[in-house]
Amino acid sequence: MRTGFGYDSHRLVSGRKLIIGGVEIPYEKGLSGHSDADVLCHAIIDSLIGALGRGDIGKHFPDTEPEWKDASSAALLKNVIEMVLTNGFEVMWIDSTIIAEKPRLSPYIDSMKKALSSAGISPELINIKAKTNEGMGFTGRGEGIAAYAVCLLGKP
């Protein structure tokens, strides 16, 4: 068995769609990034890559590469799930937390689980929590959104 930990954050900006957990969420701002800037997918990806001992998301999907510009992070997650399987592991559990003052994310959690399952993770193996930061820090001031994830990989 192996465990991995992931973290990601992105600044909220005007003129971008807000995509979290593979779901487009209606909001006046979106997350700034080279890809679609999906903080939840990025945190999960980092946890999986970390559990494999293969570096981090930037090593595999660098923001200097044009092929990843505006890429779907759910598609990147699918690539990483294939990497997990190729290395002889399977996802046993993912626990994650999204930190955002606004918008309210709890109504979208089931949709996120369903969207993430399209990458190859069974929805019953994914836990997603949405929290505020009680007005503190960059997330509390509404400047950005962050996500944390831990994973457990095992041998089939």
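Just so it is clear, the structure is predicted and the values come from calculations on it, not from any experiment.
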Considering all heavy atoms, the nearest Val23-Ala115 contact: CG2-CB, 4.0 Å
Val39 side chain reached by Ile99 side chain, heavy atoms, under 4.5 Å: no
Note, Ile94 side chain near Val150 side chain (heavy atom, < 4.5 Å): no
Asp110 CG: over 12 foreign heavy atoms closer than 6.0 Å: no
Flag side-chain contact, heavy atom, 4.5 Å: Ser9 against Phe138: yes
Least distance between heavy atoms, Thr139 atom then Ala146 atom: CG2-N, 3.9 Å
Pairs flagged by ring pair (Phe, Tyr, Trp, His ring centres under 6.0 Å) wherever residues 87-106 is involved - sequence neighbours left out: none
Worked verdict on Met112 versus Ile20 for side-chain contact (heavy atoms from CB on, under 4.5 Å): CA-CA 7 Å; Met112 290 178 195; Ile20 301 177; 3.9 Å; yes
Linked, directly or transitively: Met83 and Leu48 (ILVMFWY side chains, under 4.5 Å): yes
Residue pair Ile128 / Leu116, side-chain heavy-atom distance below 4.5 Å: yes
Flag side-chain contact, heavy atom, 4.5 Å: Cys151 against Ile44: no
Spacing of Leu152 atom CG and Met1 atom CE [to the nearest 0.5 Å]: 4.5 Å
Under the side-chain contact (heavy atoms from CB on, under 4.5 Å) test, residues paired with Ser72 that sit two or more places apart: Asp36, Ala74, Ala75
side-chain contact (heavy atoms from CB on, under 4.5 Å) assessment of Asn79 paired with His60: CA-CA 10 Å; Asn79 288 343; His60 296 272; over 6 Å; no
Arg16 atom CZ, neighbour heavy-atom count above 12 within 6.0 Å: yes
Trace of the side-chain contact (heavy atoms from CB on, under 4.5 Å) decision for Leu31 with Leu12: CA-CA 5 Å; Leu31 294 169; Leu12 281 163; 3.7 Å; yes
Sole candidate of Asn133, Leu18, Leu40 that passes side chain to side chain contact (heavy atoms under 4.5 Å, CB included) when paired with Ile145: Leu18
Value rounded to 0.5 Å, distance of NZ in Lys78 from CD1 in Ile45: 13.5 Å
Any side-chain heavy-atom pair of Arg54 and Asn87 under 4.5 Å: yes
Rounded distance (nearest 0.5 Å) linking atom NZ of Lys131 with atom OG of Ser106: 10.5 Å
Nearest-0.5 Å distance that lies between atom NZ in Lys155 and atom CE in Met92: 12.0 Å
Contact summary for Glu24 and Pro26, nearest pair of heavy atoms: O-CD, 3.9 Å
Asp38 side chain to Gly22 backbone, donor-acceptor under 3.5 Å: yes
Same apolar cluster (I L V M F W Y, side chains within < 4.5 Å links), Ile19/Ile126: no
Closest non-hydrogen atom pair between Lys129 and Thr97, with its separation: CE-OG1, 3.1 Å
For Ala149 against Ser47, the heavy-atom pair lying closest together: O-CB, 3.6 Å
Selection residues 5-37 - residue pairs positive for ring pair (Phe, Tyr, Trp, His ring centres under 6.0 Å), sequence neighbours left out: Tyr7-Tyr148, His10-His42
Spacing of Asp46 atom CG and Cys41 atom SG [to the nearest 0.5 Å]: 12.0 Å
Any Ile121 side-chain heavy atom under 4.5 Å of Leu77 side chain: yes
Spacing of Ile109 atom CD1 and Ser96 atom OG [to the nearest 0.5 Å]: 8.0 Å
Exercise: identify the closest heavy-atom pair between Ala51 and Leu153: CB-CD1, 3.5 Å
